[in-house]
Amino acid sequence: MELSKNYTPAAVEGKWYQHWMDKGYFRSKPDNRPPFTIVIPPPNVTGVLHMGHTLNETVQDILIRRARMSGYNTCWVPGSDHASIATEAKVVNMLKTEKGIEKSQLTREEFLKHAFEWKEKYGGIIYSQIKKLGCSCDWDRVTFTMDDHYYKAVIKVFTDLYNKGLIYRGARMINWDPKAKTALSDEEVQYKDLQGKLYHVQYAIADPSGEPTGQFITIATQRPETIMGDTAICVNPEDDRYKHLAGYFAIVPLVNRRVPIIFDTYVDKEFGTGALKVTPAHDINDYNLGLKHNLEVIDTLNDDGTLSAAAGVFIGEDRFVARKKVIATLHEHGLLIKEQEYTTRLGYSERNPDTVVEPRISTQWFVKMAELTKPALDAVVNGDVNIHPGDRFLATYKYWMENVKDWCISRQLWWGQQIPAYYAPDGTFEVANSIEEAIAQFKAKGADYKASDLRQDEDCLDTWFSSWLWPMEVFNGISQPDNEEIKYYYPTNVLVTGQDIIFFWVARMIMAGLEYKHEKPFSDVYFTGMVRDKLGRKMSKQLGNSPDLLELIDRFGADAVRFGIMISSPAGNDLLFDDASCEQGRNFCNKIWNALKLVKMWEDRVAPGTNAGNDHFAIQWFESRLNEVQQQVAELFKDFKLSEALKIIYSLVWDDFCSWYLEWVKPGFEQPVDAAIYSKTVYFFEQLMQLLHPFMPFATEEIYQQLQNRTAGDDLIVKQYTAPATPDASILVQGALAKEVISGIRDARNKHQIKPKDQIALHIDTTQENTFKQIEEMLAKQVNAKSIAYTKTAIPNCINMVVQKDKFYLETETELDPAAQKEQLEKDLVYLQGFLVSVEKKLSNERFVQNAKPEVVDAERKKKEDAEAKIAAITESLKTL
RNA sequence: GGGAGUUUAGCUCAGCUGGUUCAGAGCAUCUGCCUUACAAGCAGAGGGUCGAUGGUUCGAAUCCGUCAACUCCCA
């Protein structure tokens with residue numbers, strides 16, 4: 001079959017993916033082999049694959065494929081999470097715009113039906129993209145965090161933690177998303193720096209008896225719309241400006257409430273006016289002050305961010321509209337005396353990025369973190385779980401673990417696991433796996449209720465409260481503990497994820513794993529960096545700088561995209577992604593494809609019966625190079641240095657194999673090929689494809705299949721690696737010398753403007769004639785020499801050059817310019833003499849000879865000898881000019 | 001405000017426990033080639049006082065101090 005001019009990914013990718021699927025290569029069942037398990041960090045169902053995912057999935061596929069080829073029973077579990085807030089927001093929006101339905105018109109059950117329909121429709125997009133990328137996930141294991149068994153597992157864990165006293169219900173200051181109308185955990189709030197204003201507002205002062213003194217105290221606030229919730233004014237006890245106000249009151253403007261003036265060192269004398277208005281319901285610090293000083297809490301906001309009746313004024317207005325109105329009113333009354341520019345930080349909702357989060361007091365469910373974090377911290381600190389790269393994230397992890405606050409897990413949403421707390425009419429409640437169990441529990445306490453008497457908590461659980469069970473429940477490890485699969489696959493091997501979810505997810509999975517399996521969920525965590533555009537900007541929808549994955553694959557091929565993202569991806573560092581690197585990947589595929597074409601051309605020209613080729617220097621050399629790189633790759637994989645591994649494979653294939661090896665063994669035009677050389681070349685090619693396969697699965701499989709006729713089941717994807725042999729160091733040195741001589745001669749030819757077609761006669765003055773004798777043929781071909789001769793004396797009228805200790809004379813018909821040659825040689829001479837001086841200086845330094853390691857001193861002596869020999873060679877050459 | 005990280009060729013980055021085969025790679029640039037696998041290619045070349053400044057050492061891109069710039073995390 002005629003091979004196409006260039007590699008055409010579209011023609012092979014779908015074909016091989018289907019073949020692998022048909023053969024069941026991605027499927028895993030427990031057996032006698034050691035397992036190698038990865039659980040996919042579940043992308044959320046609302047998403048499409050972006051470049052961050054692409055990097056992530058590619059890394060996982062590389063690890064899985066390499067393990068599959070290394071004797072492991074590999075299991076890569078795909079899935080997605082339900083993304084409570086984001087999905088509910090999308091569904092609500094869809095219902096409104098497409099069907100004109102408000103969520104409030106629906107029952108919980110009706111809403112969930114719509115949500116599941118939505119998930120069926122859009123949730124699969126991401127899987128098809130992962131397939132396009134070539135990922136070898138076990139598609140029979142797709143798991144969703146709202147699957148029935150998963151749902152039950154989450155409820156079971158909730159009940160269990162509650163019974164252990166690790167979950168409680170209570171009123172706390174929480175982060176409120178007024179758009180989604182739900183509480184958020186601390187981790188779901190993103191802070192942004194903003195230019196705000198500080199308003200200086202006057203409050204009238206009343207004396208201890210309550211009589212107005214006619215004086216005012218000025219406070220500074222960013223949030224004048226919360227004034228109506230003020231229940232104190234606080235100043236620093238050391239502040240001389242306010243000391244006389246002990247026992248006095250302030251009158252809150254707009255609502256004329258009389259509130260105490262309190263003293264606390266919390267207040268910074270230097271900030272603003274040194275006087276702080278205290279609004280316990282709407283600021284975490286004020287809340288704490290309120291607790292300390294026993295202040296009244298007045299919540300002036302509704303759950304949608306509008307002012308509540310408790311505000312007294314501007315009731316029903318949005319908080320930002322109310323702010324403007326309050327300012328205007330204060331201004332009218334002459335109470336607003338100054339506006340000041342001020343840089344501040346505001347919290348935004350992670351899932352509704354345009355919505356400012358409101359600190360709010362609310363009754364929610366919390367997980368007590370202290371007991372759970374302790375073992376999870378130890379697991380990482382003592383190296384049971386290894387984080388890559390290095391321990392760069394260890395400090396961050398430690399800090400968070402040591403300072404973590406209780407985790408708010410209730411969300412005022414429907415899309416998620418409904419909290420299994422059942423309330424009796426009298427307000428008491430029981431937490432149970434089902435309403436029947438709740439009734440029984442009530443009964444045990446002497447309260448007799450029917451199901452219709454009880455009301456289940458309306459709220460659902462934080463998505464992360466389900467995804468922290470992921471490495472266990474994808475194997476039913478919570479719902480059916482100690483089943484065969486969880487025993488076989490858990491703990492998993494590697495977790496590959498972005499560093500941005502270290503707290504959301506990684507830390508909590510470790511906690512859950514230790515709590516429920518008494519074992520870490522994974523041995524290694526590999527953090528990928530953030531994918532940025534080539535200007536270093538984050539990729540975002542707003543900037544439109546995130547390339548479309550499917551379009552990239554169409555343009556370059558999946559292998560090229562994988563290559564592109566991996567080659568620019570040092571572990572853990574942010575990577576600047578540029579289409580150009582995919583282009584490099586495409587060119588690489590093409591290069592290999594063309595090497596295939598060359599080798600295939602030889603297929604019909606094999607000279608039978610000859611085996612002389614086995615002694616060919618190129619074969620021995622490449623065998624060693626291959627072994628050397630195979631060993632290096634194995635080391636790099638151990639350290640998760642995938643990008644570097646790809647780089648050295650790339651260089652092995654392109655430079656060593658294509659540029660040197662193939663040129664060295666290539667027969668003359670239409671000449672026969674030695675049988676041994678041919679079969680060795682095919683073997684090397686297969687080895688290279690095998691080494692490269694995890695990175696570029698499609699092209700390598702295609703080429704592997706093209707190289708020889710294969711029997712059924714002989715597929716590269718499952719071809720097992722063999723342990724590399726030890727490379728022959730002396731052959732490698734000779735190979736390096738050959739390359740250096742060839743490049744040197746080519747350079748000399750170039751510099752003297754000898755046309756590529758003009759032949760030279762080469763004379764070599766060397767002490768290692770045998771070395772050159774065995775590479776004579778390939779050397780002559782590579783530098784276009786018509787003859788090679790050995791000499792012990794200088795040849796006149798030649799281009800002179802020196803490589804290491806050997807002298808080369810290039811005899812040519814072209815007119816030579818001795819002055820230019822002389823200049824070049826003299827330049828080298830000056831450099832070498834300077835080098836020699838520095839080495840001698842070092843060696844004559846007694847302290848160096850005494851203190852340095854013997855091998856270092858020896859190395860310096862060797863350098864000295866080499867430099868002297870080379871100087872001698874150059875000096876001799878110069879004499880002939 | 002607290003903590004972490006980064007600063008090496010035009011660009012993106014390697015350089016582990018200090019020793020001129022460590023001053024590197026890829027891309028980009030320049031020169032010469034449509035050589036019978038590949039112009040998405042081949043053969044070559046140029047380019048950096050390793051952020052600044054002190055110190056330790058026989059010797060520092062590599063260790064320590066200070067400073068500067070940038071990035072990220074936390075409050």
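Chain naming here is simple, since letters A, B, ... match the order of the sequence lines and numbering starts at 1 in each. Scope of the values below: all heavy atoms of this structure, side chains included, with no hydrogens, waters or symmetry mates. The structure displayed is predicted, hence computed values, not measured ones.
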Assign [X] to base, sugar-phosphate, or nothing according to its heavy-atom contacts below 4.0 angstrom with the strands shown.
X        : answer
A:Glu663 : base
A:Ser581 : nothing
A:Cys658 : base

Can you list, by residue number, the residues of residues 746-758 of chain A that have a non-hydrogen atom closer than 4.0 angstrom to RNA chain B?
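Result for residues 746-758 of chain A: A:Arg746, A:Asp747, A:Asn750, sorted by number.
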When you measure from every atom of RNA chain B, which of residues 594-603 of chain A have a heavy atom less than 4.0 Å away?
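Under 4.0 Å from RNA chain B: A:Asn594, A:Ala595, A:Lys597, A:Leu598, A:Met601.
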Does this structure show an ion pair linking [X] with [Y], if we count only N-O contacts that are shorter than 4.0 Å?
X        : Y        : answer
A:Asp283 : A:Arg223 : no
A:Glu187 : A:Lys405 : no
A:Asp674 : A:Lys680 : no

Using atom C1' in both nucleotides, what's the gap between B:C30 and B:C73 to the nearest angstrom?
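The answer is 44 Å between these two C1' atoms.
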Please state the P separation for the pair B:G19 and B:C64 - nearest whole angstrom.
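About 15 Å, rounded to a whole number of Å.
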Mind checking side chain to side chain donor-acceptor pair (under 3.5 Å) for A:Asp406 and listing every partner two or more places apart, or none if nothing turns up?
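Expected list: A:Tyr168.
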Looking only at side-chain N and O atoms, does [X] come under 4.0 Å of OP1 or OP2 in [N]?
X        : N     : value
A:Lys638 : B:C16 : no
A:Ser659 : B:A43 : yes
A:Asn587 : B:G41 : yes
A:Trp593 : B:G41 : no
A:Lys666 : B:A37 : yes

Not counting sequence neighbours, which residues clear salt bridge (Lys or Arg N to Asp or Glu O under 4.0 Å) with A:Asp264? List them please.
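Testing A:Asp264 for salt bridge (Lys or Arg N to Asp or Glu O under 4.0 Å), a comparison that skips the adjacent residues, returns A:Lys292.
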Using salt bridge (Lys or Arg N to Asp or Glu O under 4.0 Å) as the criterion, list what pairs up with A:Asp747, not counting sequence neighbours.
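A:Lys751.
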Counting primed atoms, P, OP1 and OP2 as sugar-phosphate and everything else as base, the B/S/- map of nucleotides 18-28 of chain B against protein heavy atoms under 4.0 Å is -BBS----SS-
In chain order, what residues pass the side-chain contact (heavy atoms from CB on, under 4.5 Å) check against A:Lys600, with sequence neighbours excluded?
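side-chain contact (heavy atoms from CB on, under 4.5 Å) list for A:Lys600, sorted by chain: A:Leu3, A:Leu596, A:Glu603.
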Check side-chain contact (heavy atoms from CB on, under 4.5 Å) between A:Ala11 and all other residues, then give those that pass, not counting sequence neighbours.
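A:Ala11: side-chain contact (heavy atoms from CB on, under 4.5 Å) contacts with A:Thr8.
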Which residues pass the ring-ring contact (aromatic ring centres under 6.0 Å, His included) test with A:Phe588, sequence neighbours left out?
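Once residues adjacent in sequence are excluded, the partners of A:Phe588 under the ring-ring contact (aromatic ring centres under 6.0 Å, His included) criterion are A:Phe563, A:Tyr650.
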For A:Phe657, give me all partners under ring-ring contact (aromatic ring centres under 6.0 Å, His included), at least two apart in sequence or on another chain.
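So A:Phe657 forms a ring-ring contact (aromatic ring centres under 6.0 Å, His included) with A:Phe622, A:Tyr661, A:Phe685.
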Qualifying salt bridge (Lys or Arg N to Asp or Glu O under 4.0 Å) pairs with a residue from residues 585-598 of chain A, counting only residues at least two apart or across chains
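Residue pairs passing salt bridge (Lys or Arg N to Asp or Glu O under 4.0 Å), neighbours aside: A:Glu583-A:Arg586.
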Using Watson-Crick and G-U wobble pairs whose two distances are both under 3.5 Å, how do you write the pairing of RNA chain B as dot-bracket, with | for links to another strand?
(((((((..((((.....[....)))).(((((.......))))).....(((((..]....)))))))))))).
Got a second to check how far A:Leu636's CG is from A:Leu642's CG, nearest 0.5 Å?
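The CG atom of A:Leu642 is 9.0 Å from CG of A:Leu636, to the nearest 0.5 Å.
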